[in-house]
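Have a look at the structure below before the remarks.
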Amino acid sequence: EPMRELFGLKNIEDQLKDMFNLKEVIVVSGDSDELAWVKKEMGRATVGCINQRIDTNNIVAVTGGSTLAAVAEMMNADSKELNPLFVPARGGLGEEVRNQANTICAKMAEMAKGNYRLLHLPDELSEDAYLTMMEEPKVKEVLNLIRSSSIVIHGIGEAFTMAKRRQSSSEQLETLIESEAVGEAFGYYFNENGEDVYKVRTIGLQLDELKNIPYVLAVAGGSSKAKSIASFLKKGHVNILVTDEGAARELIKGS
Ligand code: BG6
């Protein structure tokens with residue numbers, strides 16, 4: 001596309017691909033920190049990516065967040081013949097309803113004319129609740145679907161923004177400060193070197209299970225999120241990144 005060449009986006013995409021060893025990078029123009037529609041454009045690009053990659057009866061797992069909500073809004077029914085099944089990547093009650101993984105999952109399925117299954121569990125569980133829930137047949141069933149998904153689409157958050165959104169305790173905040181957490185994804189917190197320094201006890205996809213999923217697609221943008229994005233990309237689980245120019249330019253500067 002000539003416009004992308006003109007703005008040098010193609011070049012930025014290639015640089016990011018090399019920097020983080022990714023299969024594919026899509027950078028949309030603008031900075032979603034400043035302009036709300038940029039998030040929608042990331043959503044549109046992500047939908048294109050999903051439609052290109054899903055196959056018959058594939059399972060698509062999604063996390064929560066405002067970025068994923070924008071993906072759901074842009075979802076279309078281009079792949080409806082393939083009968084996709086949408087599942088939340090993990091429990092997520094606690095976020096605002098419209099940003100919860102369940103809500104996003106149901107909305108995507110509705111827009112894509114596919115099916116969905118939900119996981120009605122809090123984001124963070126006590127140890128007792130965790131052990132009990134893991135024995136629930138309905139939970140086990142959805143967990144198996146999640147683990148066999150062929151594509152997972154997830155957001156990346158700034159560590160302290162996420163800790164506040166989750167109403168983390170002062171001990172948890174202390175741990176995050178001491179460990180110099182900068183990013184968050186899937187309930188795990190990461191430092192600048194991409195090491196996971198803290199995790200929320202949650203039911204759903206665990207970090208070490210991501211390697212079994214063919215496509216791990218991260219959608220995150222805004223120049224303020226660059227460090228957070230880098231922290232998770234360094235972990236090496238992501239193979240496709242959809243971001244915006246604001247984050248992309250910071251990521252390249254920071255290298
Ligand atoms: C949350 C996910 O719902 O959204 C997090 O649980 C993710 O893992 C976050 O980091 C991203 O939110 P946003 O609003 O910045 O897209």
Side-chain angles (χ1 to χ4, degrees), residues 28 31-47 61-75 86-108 118-125 146 152-168 172 176 181-191 194 196-207 209-210 213 216-235 237-238 241-244 246-247 250:
V28 306
D31 185 339
S32 52
D33 280 353
E34 282 154 28
L35 297 161
W37 57 261
V38 177
K39 213 176 245 183
K40 297 210 166 114
E41 283 309 308
M42 284 195 284
R44 190 197 306 277
T46 305
V47 168
V62 296
T63 70
S66 60
T67 316
L68 265 292
V71 177
E73 243 178 83
M74 302 310 270
M75 197 71 208
F86 295 83
V87 293
R90 46 187 211 93
L93 310 183
E95 278 254 51
E96 263 183 77
V97 173
R98 68 193 155 114
N99 291 341
Q100 283 174 17
N102 278 332
T103 312
I104 290 166
C105 171
K107 168 105 185 194
M108 274 197 194
L118 301 179
L119 203 49
H120 294 288
L121 293 170
D123 184 47
E124 189 169 4
L125 290 161
I146 294 171
V152 54
I153 307 152
H154 71 91
I156 300 173
E158 191 278 316
F160 291 90
T161 307
M162 286 317 298
K164 275 179 212 128
R165 247 156 77 175
R166 293 188 169 124
Q167 290 161 327
S168 304
Q172 286 172 317
L176 294 176
V182 292
E184 187 279 347
F186 298 100
Y188 290 77
Y189 291 82
F190 305 88
N191 67 15
D196 47 305
V197 292
Y198 185 74
K199 75 170 281 216
V200 170
R201 193 185 295 108
T202 175
I203 290 182
L205 261 192
Q206 304 297 306
L207 210 54
E209 292 172 328
L210 288 178
I213 298 180
V216 179
L217 194 165
V219 201
S223 45
S224 63
K225 262 195 196 177
K227 272 210 172 85
S228 312
I229 297 171
S231 76
F232 190 60
L233 294 183
K234 278 187 190 157
K235 193 79 197 156
H237 292 300
V238 174
L241 170 71
V242 176
T243 189
D244 62 21
E250 282 300 314

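We count ligands from 1, going down the list as the structure has it; atoms in each ligand are counted the same way. In what follows, residues are counted from 1 in the order of the sequence shown.
The side chain to side chain donor-acceptor pair (under 3.5 Å) test with R166 is passed by exactly one of E95, E184, Q172, E124: E184. H154 pairs with exactly one of T67, V62, V216, L205 by the side chain to side chain contact (heavy atoms under 4.5 Å, CB included) rule, that one being V216.
Residue contacts with ligand 1, taken as heavy atom pairs separated by less than 4.0 Å, involve M162 solely via side-chain atoms from C-beta onward. Of all the heavy atoms of E95, the ones lying under 4.0 Å from any atom of ligand 1 belong exclusively to the side chain. Contacts between R90 and ligand 1, counted as non-hydrogen atom pairs separated by less than 4.0 Å, involve the side chain only. Residue contacts with ligand 1, taken as heavy atom pairs separated by less than 4.0 Å, involve R166 solely via side-chain atoms from C-beta onward.
Atom 2 (C) of ligand 1 has its nearest heavy-atom neighbour, among G64, S32, G221, in G64. Of all the listed residues (T67, T63, V200, I156), T67 holds the heavy atom that lies closest to atom 16 (O) of ligand 1.
Two residues are said to be in side-chain contact when any heavy atoms from C-beta on lie closer than 4.5 Å; E41 and D244 fail this criterion.
Here the CD-CD1 distance, from Q206 to I146, works out to 10.0 Å after rounding to the nearest 0.5 Å.
In summary, the atoms of ligand 1 found under 4.0 Å from a heavy atom of F186, numbered by their order in the structure, are 8 (O). Per-residue contacts place G157 under 4.0 angstrom from the following atoms of ligand 1 (heavy atoms of the residue considered): 10 (O).
Among protein heavy atoms, the minimum distance from atom 12 (O) of ligand 1 is reached at R165 NH2, 3.1 Å. S66 OG, 2.5 Å is the protein heavy atom nearest to atom 14 (O) of ligand 1. Of all protein heavy atoms, the one closest to atom 15 (O) of ligand 1 is K225 NZ, 2.6 Å. Looking at atom 7 (C) of ligand 1, its nearest protein heavy atom turns out to be E184 OE1, 3.4 Å.
Every N/O-N/O distance between L68 and ligand 1 stays at or above 3.5 Å.
Using the six-membered ring where Trp is involved, Y198 and Y189 have ring planes that are tilted, between 30° and 60° apart.
Taking a 6.0 Å sphere around CZ of R201, one finds it holds more than 12 heavy atoms contributed by other residues, nucleotides or ligands. Environment of NZ in K235: crowded, with over 12 heavy atoms of neighbouring residues, nucleotides or ligands closer than 6.0 Å. Other residues, nucleotides and ligands place more than 12 heavy atoms under 6.0 Å from the NZ atom of K199.
Without hydrogens or angle criteria, T46 side chain to M42 main chain gives a donor-acceptor distance under 3.5 Å.
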